[in-house]
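Throughout, numbering of the chain's residues begins at 1 and tracks the sequence. Just so you know, ligand 1 is whichever comes first in the structure, and atom 1 is the first atom listed for that ligand. Remember, predicted model here, so these are calculated numbers, not experimental data.
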Amino acid sequence: MRTQVAIIGAGPAGMLLSHLLAAEGIDTVIVEARSEEYVLGRIRAGILEHGSVELLRAAGLGSRLDAEGLPHRGIHLQFPRERHHLDFIDLIGRGVWVYGQTEVQKDLVAARSAAGQSIYYEARDLEISDVETDRPSLTFVGSDGRRQTVVADAVVGCDGSFGPSRAVIPDSAKQTWHRTYPFSWLGVLADVAPSTDELIYAWHPDGFAMHSMRSPSVSRLYLQVDNGTDIDDWSHQRIWDALAARLGDGQDGWTLTPGPITEASVLPMRSYVQTPMRHGRLFLAGDSAHIVPPTGAKGLNLAIADVALLAPALVSLVRDDDSRSADTYSDDALRRVWRCTHFSWWMTSMLHTSGDPFDDQLQLSQLRWVCSSEAGATGLAENYAGLPIPSGSTRF
Ligand code: FAS
Ligand code: PHB
């Protein structure tokens, strides 16, 4: 097969990249290891930054988002006996949207199938070749058992945190940073109306808790747990009791309404960055190049921002034979990657207990400052609602 851009991974990064390139007449092929159903079934991010929403709308992907997404002015930050609302719109003029990654994925799948996009699901034995030439290629065994080769002008690794593309860049040409946090998140999806209007991030001596949501009738909640926690050790009653204790401590007049838990899983927390995000005709976008702990709600938004930058760079490279923005893609993307990596680390370090009483006092002091200082709250708001996606990064 021959295409202009071969994409590894049909998650949000790969599917959005294909969509944005198609809008500029660039042909793509997507190769995905899992089935369409599996990719759609993953429960992941829940928050879209203002810039992500604007980009999805401009790309013709905003109608269901505007109909079903929940616009939020800000978040609640809390610690025992205090809950403070940070109103991002008052502070910086933009808020965020609650619209699950699953929904974004559904919209992308609908758009790409309507466009007749070639997506090879359940592909295995993927090989990435000749990335240092101007004819890189992918070879894989399709779900029909046939071995296929796609020759392209560029290959993009949108293959997430466990994909093969990042390893194609030789050790001599790359640098990696990695941090594993000493705790994990136990996350649940529950068929119950949220007990809050906007997200609650709660510091508590027992550990962090968060109340998020997916819709007016579906709640998404998280608990800080130890690494290696076995989800089977947590009965639904134990989960609700811990959530009520941590979210409700000293919050007079507020109660958490439990309901049927439909999904529960344990998510490890880590930071990872690999540079550069380009080697020859191989480009990386999304989790293939960077992982953030979910406390800052950055993972999905950073993948979208990478793609918003990469799409026009690839259009210039493969259509206009102009490599200038492809040459600066990695440095341009990494500025936002490090900003989001720092913010996600900061939110994680501020809200998760370590068992060290000195850390407790530092965290509480930081929370009191952020909740009482306009400067502190504005700093959080700017990062959480997302810095504008650079105007030059996308024509869409
Ligand atoms: P993805 O991982 O979504 O997609 C990569 C795709 O590549 C996958 O479909 C995979 O099957 C495919 N692939 C891998 N290897 C391949 C191969 N060899 N051949 C072909 N295809 C291959 N972010 C938040 O902001 N909030 C959250 O609460 C949150 N929760 C998360 C929970 C979990 C369990 C995980 C893993 C991530 C979570 N994230 C969260 C981050 C998540 O939303 C990512 O940032 C987002 O999925 C990034 O999108 P992609 O870069 O497209 O990677
Ligand atoms: C979610 O709703 O899944 C969610 C929201 C905010 C976060 C992380 C996850 O910081």
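- Heavy atoms of Asp287 found under 4.0 angstrom from ligand 1 belong to the backbone as well as the side chain.
- For Ser212, every heavy-atom contact with ligand 2 shorter than 4.0 Å involves the side chain, none the backbone.
- The protein non-hydrogen atom at the shortest distance from atom 4 (C) of ligand 2 is Tyr222 CE1, 3.9 Å.
- Close contacts of ligand 1 with Gly286, meaning ligand atoms under 4.0 Å from a residue heavy atom, involve 51 (O).
- Listed by atom number, the atoms of ligand 1 under 4.0 Å from Gly299 heavy atoms are 23 (N), 25 (O), 45 (O).
- Considering both main-chain and side-chain atoms, Arg44 comes within under 3.5 Å of ligand 1 through a nitrogen or oxygen pair.
- Scanning the protein heavy atoms around atom 6 (C) of ligand 2, the nearest turns out to be Tyr201 OH, 3.2 Å.
- Summary of contacts: the protein heavy atom closest to atom 27 (C) of ligand 1 is Ala45 CA, 3.5 Å.
- Among the atoms of Ser288, none of the N or O lies under 3.5 angstrom from an N or O of ligand 1.
- Annotation for ligand 2: atoms under 4.0 Å from non-hydrogen atoms of Ile47 are 5 (C), 6 (C).
- At a threshold of 4.0 Å, the pair Glu103-Lys106 counts as salt-bridged, since one of the basic side-chain nitrogens sits closer than that to a carboxylate oxygen.
- Counting non-hydrogen atoms of other residues, nucleotides and ligands closer than 6.0 Å to CZ of Arg42 gives a total above 12.
- Classified by interplanar angle (parallel below 30°, tilted 30° to 60°, perpendicular above 60°), the ring pair His352/Trp185 is parallel.
- The pair Glu49-Arg336 counts as a salt bridge, with a side-chain nitrogen and a carboxylate oxygen less than 4.0 angstrom apart.
- Close contacts of ligand 2 with Thr295, meaning ligand atoms under 4.0 Å from a residue heavy atom, involve 10 (O).
- Checking only distances, Arg34 never comes within under 3.5 Å of ligand 1, N or O to N or O.
- The contact set between ligand 1 and Val39, taken as ligand atoms under 4.0 Å from a residue heavy atom, comprises 9 (O).
- A cation-pi geometry, defined here as NZ or CZ lying under 6.0 Å from the six-membered ring centre and within 45° of its normal, does not hold between Arg146 and Phe140.
- Neither the backbone nor the side chain of Ala123 has a heavy atom within less than 4.0 Å of ligand 1.
- The atoms of ligand 1 that sit less than 4.0 Å from any heavy atom of Ala13 are 50 (P), 51 (O), 52 (O).
- Counting protein heavy atoms only, atom 18 (N) of ligand 1 is closest to Pro164 CD, 3.3 Å.
- Arg339 CZ: more than 12 foreign heavy atoms inside a 6.0 Å radius.
- Contact annotation: for Tyr99 versus ligand 2, there are no heavy atoms closer than 4.0 Å.
- Counting all heavy atoms, side chain and backbone alike, Ile30 lies closest to Ser18 at CD1-CB, 3.6 Å.
- Heavy-atom neighbours of Arg81 CZ from other residues, nucleotides or ligands within 6.0 Å: at or below the threshold of 12.
- Side-chain atoms of Ser288 never come within 3.5 Å of backbone atoms of Leu284 as a donor-acceptor pair (strictly under, hydrogens ignored).
- Near Lys298, meaning under 4.0 Å from any of its heavy atoms, are these atoms of ligand 1: 25 (O).
- Regarding atom 8 (C) of ligand 2, its nearest protein heavy-atom neighbour is Pro294 O, 3.2 Å.
- Under a 3.5 Å cut-off, the side chain of Ser195 and the backbone N or O of Leu256 do not form any donor-acceptor pair.
- Using a 4.0 Å cut-off between heavy atoms, Ile8 contacts ligand 1 through its side chain alone, with no backbone atom that close.
- Residue-to-ligand polar distances place Glu32 within reach of ligand 1: an N/O pair is separated by less than 3.5 Å.
- Ring geometry, Phe88 versus Tyr384: the interplanar angle falls from 30° to 60°, so the pair is classed tilted.
- The shortest side-chain heavy-atom distance between Trp369 and Leu367 does not fall under the 4.5 Å cut-off.
- Listed by number with element, the atoms of ligand 2 under 4.0 angstrom from any heavy atom of Ala297 are 6 (C), 7 (C), 10 (O).
- Only the backbone of Ala297 comes within contact range of ligand 1, with a heavy atom under 4.0 Å; no side-chain atom does.
- Using the six-membered ring where Trp is involved, Trp338 and Trp177 have ring planes that are perpendicular, over 60° apart on the 30 and 60° scheme.
- Under a 4.0 Å N-O distance rule, the pair Glu54/Arg94 does not qualify as a salt bridge.
- Among all non-hydrogen protein atoms, the one lying nearest atom 5 (C) of ligand 1 is Cys158 O, 3.3 Å.
- Taking every non-hydrogen atom of Leu199 and a distance limit under 4.0 Å, the qualifying atoms of ligand 2 come out as 5 (C), 6 (C).
- Nearest to atom 14 (C) of ligand 1 among the protein's heavy atoms is Asp159 O, 3.2 Å.
- Contact between Met15 and ligand 1 is absent, with no heavy atom of the residue lying under 4.0 Å from the ligand.
- Close contacts of ligand 1 with Gln101, meaning ligand atoms under 4.0 Å from a residue heavy atom, involve 3 (O), 42 (C), 43 (O), 46 (C), 47 (O).
- Ligand 1 has a nitrogen or oxygen under 3.5 angstrom from a nitrogen or oxygen of Ala33.
- Contact annotation for Met347 and ligand 2: no heavy atom of the residue comes within less than 4.0 Å of the ligand.
- Salt bridge Glu36/Arg112: absent, no basic N to carboxylate O contact under 4.0 Å.
- Among the candidates Arg281, Arg319, Arg2, the single residue satisfying the salt bridge (charged side-chain N to carboxylate O under 4.0 Å, His left out) test with Asp153 is Arg2.
- The protein atom (non-hydrogen) at minimum distance from atom 33 (C) of ligand 1 is Leu267 CD1, 3.5 Å.
- Residues Asp130 and Arg135 are not paired through a salt bridge, judged by the lack of any N-O separation under 4.0 Å between the basic side chain and the carboxylate.
- Residue contact annotation: Arg214 has a non-hydrogen atom under 4.0 Å from ligand 2.
- Residue Trp185 has at least one heavy-atom neighbour below 4.0 Å for each of these atoms of ligand 2: 8 (C).
- Looking at Arg73 and Asp197, no side-chain N of the basic residue comes within less than 4.0 Å of a carboxylate O on the acidic one, giving no salt bridge.
- Listed by number with element, the atoms of ligand 1 under 4.0 angstrom from any heavy atom of Gly163 are 15 (N).
- Paired with Arg324 under the rule salt bridge (charged side-chain N to carboxylate O under 4.0 Å, His left out), one option of Asp327, Asp322, Asp321 passes, and it is Asp322.
- For atom 49 (O) of ligand 1, the nearest non-hydrogen atom from the set Gly11, Pro12, Pro268, Gly9 comes from Pro12.
- Between Ser271 and His178 the shortest side-chain heavy-atom distance does not fall below 4.5 Å.
- Short contacts between ligand 2 and Arg44, defined as distances under 4.0 Å to a heavy atom of the residue, involve ligand atoms 3 (O).
- If you number the atoms of ligand 1 from 1 as listed, the ones under 4.0 Å from a heavy atom of Gly160 come out as 2 (O), 5 (C), 53 (O).
- Of all the heavy atoms of Tyr222, the ones lying under 4.0 Å from any atom of ligand 1 belong exclusively to the side chain.
- Side-chain polar atoms of Ser165 and Asp159 form a donor-acceptor pair below 3.5 angstrom.
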